[in-house]
Every structure is written in C-alpha cells, then in structure tokens.
Engineer: 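Sharing a structure with you now.
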Amino acid sequence: SRRRFATLGATVAIGAALPLRYARAAEFSFKLGTNVPETHPLNVHARKAAAALLEATGGRVELKLFPNNQLGGDADMFSQLRSGALECFTLSGVNVLSTLIPSTAISGVGFAFKDYPTLWKALDGRLGEHLRGQISKAGLVAMEKIWDNGFRQVTTSTKPVVTPDDLKGMKIRVPVSALWTSLFKSLGATPAGINFAEVYSALQTRIVDGQENPPAIISAAKLYEVQKYCSLTNHMWDGWWFLMNRRAWSRLSPELQETFARVVNGAAMAERQEVAQQNENLKADLAAAGMTFNNVEPAPFRETLTKAGFYRDWKEKFGAEAWSILEEATGELS
Ligand code: X2X
C-alpha cells in the first residue's frame with residue numbers, strides 16, 4: 001500500500017532505529033539536500049534532527065536527508081529550493097546564495113573574524129538577523145542558527161602556501177561566488193569557480209592545483225587523497241544557512257513551525273561543537289594520511305588584500321549599513 005511505501009522511505013531516510021509507532025505516512029515530508037559527504041557532522045546532526053522531529057511531532061513531520069549532492073550540485077539544489085521541488089537546503093551565504101542575494105556573502109570577508117566567540121556573537125546577533133532579513137526579502141526562510149563549516153585552509157598538490165607570493169598564478173578552486181573569486185584574485189591566485197560536487201575530480205585531474213576548505217571537509221570528502229599540502233591560512237570563516245522554501249514552511253502550523261525551528265536550531269548548536277572539535281583534531285589524522293601542514297602568518301595576506309583594494313571595494317558593494325554591522329563585531333576592516 002502507499003502507506004507501507006511511505007514508511008519504507010522514512011526508514012531509509014532516518015536509519016534503522018525508526019520507531020514502529022510511526023507506521024503512518026508523515027503529514028509533511030520535507031527533503032533536505034546537502035553538498036557534503038554522509039559522514040560530515042552537518043549530515044550526522046541533520047539525521048539526528050530528523051529523528052528528533054519525528055519524535056517531537058508524533059510522526060507528523062518527516063525530514064528526508066539527501067547528502068553529498070545526490071540531488072545535484074549547489075546551483076541545481078538552489079534552483080530546486082526556489083521552485084519548491086526541494087523543501088530544505090543547507091547553503092553557505094558566500095556560495096551561490098549570494099548570486100541571488102549579494103549581501104549574504106558578507107560573512108565571508110577575508111580575515112574578518114578572529115575567533116569563534118567573535119563570530120557567533122555576530123551571527124547569532126545583529127549580523128545574523130540582518131542577513132536572515134535579506135534572505136526573507138528574497139522569498140526564502142532561514143532558520144535562526146547557522147551551521148558551522150569552519151575556518152578555511154588552503155590545500156594544494158604542488159607546493160605549500162607560506163606567503164602571498166606562493167599563491168601567484170596558482171589555480172585554486174573556489175565555490176561559484178563573486179566574493180570568493182575576488183578574495184583569491186586579490187591574493188594573486190587564479191581562482192576557478194566550481195561547485196563542490198566536482199571538486200575531488202577537478203583536483204585529481206589537476207584542472208586546479210588547490211582548493212580551500214576546513215579539515216572536517218578535507219577528511220569527509222577524502223581530499224587528502226589528491227592534495228599534499230595544507231596551509232593554515234584561516235583566510236575566512238564559512239557556514240551553512242538552513243534554508244527553506246517559503247511555501248513549504250508556511251504549510252506548517254505555528255506550533256509545528258515552532259517545533260521544527262527548535263529541533264533544527266538545537267541540531268545546529270550540537271553540530272557547531274562537533275565541527276570545531278573535528279577541525280582541530282583531524283589535522284593529526286590528515287597528517288598521518290600523508291598531508292604536510294604549515295602555519296601561516298596572516299598579516300602579509302591581509303596587507304595584500306588591503307593593497308589590492310579588497311576591503312575598499314567590498315565595503316562599497318555591501319554598503320555602509322551592512323559593513324558597519326560587520327565591523328561592530330570584527331573591529332575596523334581595511
Ligand atoms: O563548496 C565548498 O567548498 C563548501 C562545501 O565548503 C561549501 O559549501 C561552501
């Protein structure tokens with residue numbers, strides 16, 4: 001029967017531990033697409049959220065996870081989200097979201113946040129509120145708590161990056177994004193915009209020399225198999241907004257919306273802890289797998305950005321209001 005199939009689908013989506021008492025098809029079944037492999041904490045905690053949501057709603061709301069670009073790359077999933085074919089999608093504000101809403105890229109300004117406390121104060125505070133407001137104006141819903149990806153590090157197959165000079169002419173994959181492209185151009189590299197779904201093969205076939213991501217991703221996506229060096233540049237922080245199609249969101253009653261938001265935001269908080277731990281602890285594992293790590297002095301990179309006009313240009317693009325909300329958290333950026 002249809003109900004049996006629905007139950008089977010739910011079992012596959014949230015794992016073997018699905019309680020039998022939810023034998024009926026869920027009233028609301030939302031797909032969630034992500035762009036990183038199954039084992040990444042983003043997916044681990046999204047699965048936990050799915051189980052908790054089923055439990056908290058007595059089986060009425062189901063979240064079916066499609067990790068690892070199963071539904072297509074970032075650009076595909078983003079258009080599915082906008083059309084309603086996909087109800088939920090985790091997407092960086094600096095990534096393709098910024099092609100629709102340029103202002104969401106502001107969280108990725110180079111060397112803006114010095115540490116996690118500064119960052120969470122901004123994104124759980126005024127800056128986050130401002131960005132969610134922009135997302136809402138564009139017709140999408142963003143859950144309050146942004147999920148952590150981490151501070152990003154440059155990896156290469158050719159040579160370690162120690163000074164900005166080492167980046168000269170280096171082909172670096174970046175997500176498809178004006179800010180990311182500008183950041184690496186300003187540092188002297190030759191950036192190529194590629195969706196994460198194609199990154200492993202772009203590195204393997206040496207279409208690009210390097211890429212930049214936090215250790216949790218380098219590990220989950222096995223990028224250490226095709227990259228030799230990891231330079232601890234910490235050149236920017238990145239995270240994923242948990243985005244929803246507005247029509248899907250408004251199908252939920254206010255009570256179900258409240259439960260959904262509580263469960264998903266709670267999962268984001270747990271994910272943040274695990275990502276921060278992994279980004280610290282996995283360096284040793286990646287070194288054991290053959291990667292060579294080097295520390296990087298950030299000052300010359302910042303100076304290169306300043307000289308290239310990076311901060312001046314992006315202040316103008318984002319506008320004085322958004323820039324001042326950012327600087328409220330980070331201090332003056334120039
Ligand atoms: O595409 C990337 O590099 C990733 C996975 O970190 C993002 O989602 C921005």
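Scope of the values below: all heavy atoms of this structure, side chains included, with no hydrogens, waters or symmetry mates. Order of appearance sets the numbers: ligands from 1, and atoms from 1 within every ligand. This structure is a prediction, so every number in the text was calculated from the model and none was measured.
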Engineer: What is the ring orientation for Phe310 with Trp314, classed by angle as parallel under 30°, tilted 30 to 60°, or perpendicular over 60°?
Structural biologist: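 Ring orientation of Phe310 relative to Trp314: tilted.
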Engineer: Please confirm whether the ring centroid of Phe293 lies under 6.0 Å from the ring centroid of Tyr229.
Structural biologist: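 When the ring centroids of Phe293 and Tyr229 are compared, they turn out to be at least 6.0 Å apart.
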Engineer: At less than 4.0 angstrom from any non-hydrogen atom of Phe196, what atoms of ligand 1 do you find?
Structural biologist: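 Going through ligand 1 atom by atom, the ones under 4.0 Å from Phe196 are 1 (O), 2 (C), 3 (O), 5 (C).
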Engineer: With a cut-off of 4.0 Å, which atoms of ligand 1 are near a heavy atom of Trp180?
Structural biologist: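 Matching atoms, with element in brackets: 9 (C).
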Engineer: Please classify the Asn195 to ligand 1 contact at 4.0 Å (heavy-atom distances, strictly less than): side chain, backbone, both or neither.
Structural biologist: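 Contact part for Asn195 vs ligand 1: neither.
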Engineer: Would you call Gln211 a ligand 1 contact, heavy-atom distance under 4.0 Å?
Structural biologist: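 No, Gln211 has no heavy atoms under 4.0 Å from ligand 1.
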Engineer: Tell me which pairs pass salt bridge (Lys or Arg N to Asp or Glu O under 4.0 Å) where either residue lies in residues 257-283, with sequence neighbours left out.
Structural biologist: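 Non-adjacent pairs meeting salt bridge (Lys or Arg N to Asp or Glu O under 4.0 Å): Asp124-Arg272, Glu280-Lys283.
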Engineer: Could you tell me whether Asn149 approaches ligand 1 through its side chain, its backbone, both or neither, with non-hydrogen atoms closer than 4.0 Å?
Structural biologist: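 The answer is the side chain.
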Engineer: Report the part of Glu198 (side chain from C-beta onward, or backbone N, CA, C, O) that has a heavy atom under 4.0 Å from ligand 1; answer both or neither where that applies.
Structural biologist: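 None of Glu198 does.
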Engineer: Assign the ring pair Phe78 / Phe89 to parallel, tilted or perpendicular, where the plane angle (0 to 90°) is split at 30° and 60°.
Structural biologist: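 Answer is tilted, since the angle falls between 30° and 60°.
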Engineer: Rounded to the nearest 0.5 Å, what's the gap from OG on Ser231 to CE on Met291? Could you check?
Structural biologist: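 Result: 8.5 Å between the selected atoms.
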Engineer: Need the ligand 1 atom indices (1-based, order shown) with element for anything under 4.0 Å from a heavy-atom of Asn213.
Structural biologist: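 Close to Asn213: 2 (C), 3 (O), 4 (C), 6 (O).
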Engineer: What is the closest protein heavy atom to atom 7 (C) of ligand 1, and at what distance does it sit?
Structural biologist: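 Its nearest protein heavy-atom neighbour is Asn35 ND2, 3.7 Å.
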Engineer: Relative to the heavy atoms of Asp238, which atoms of ligand 1 are at a distance of less than 4.0 Å?
Structural biologist: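 Under 4.0 Å from Asp238, ligand 1 has these atoms: 9 (C).
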Engineer: Among all protein heavy atoms, pick out the one at the shortest distance from atom 1 (O) of ligand 1; state its residue, atom name and that distance to 0.1 Å.
Structural biologist: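 Result for atom 1 (O) of ligand 1: Arg173 NH2, 2.9 Å.
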Engineer: Please check if any side-chain donor atom of Trp237 sits under 3.5 Å from a side-chain acceptor atom of Asn149, or the reverse.
Structural biologist: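 Per modelled atom types, Trp237 and Asn149 side chains form no pair under 3.5 Å.
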Engineer: Roughly how far, to the nearest 0.5 Å, is CZ of Phe30 from CG of Leu252?
Structural biologist: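 Answer for the CG-CZ pair, Leu252 versus Phe30, is 4.0 Å.
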Engineer: Does Glu129 have any side chain to side chain donor-acceptor pair (under 3.5 Å) partners at least two apart in sequence or in another chain, and if so, which?
Structural biologist: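 Glu129: no side chain to side chain donor-acceptor pair (under 3.5 Å) contacts found.
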Engineer: Please could you name the atoms of ligand 1 that Ile217 approaches to less than 4.0 Å, counting only its heavy atoms?
Structural biologist: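 Those qualifying, in numeric order: 5 (C), 6 (O).
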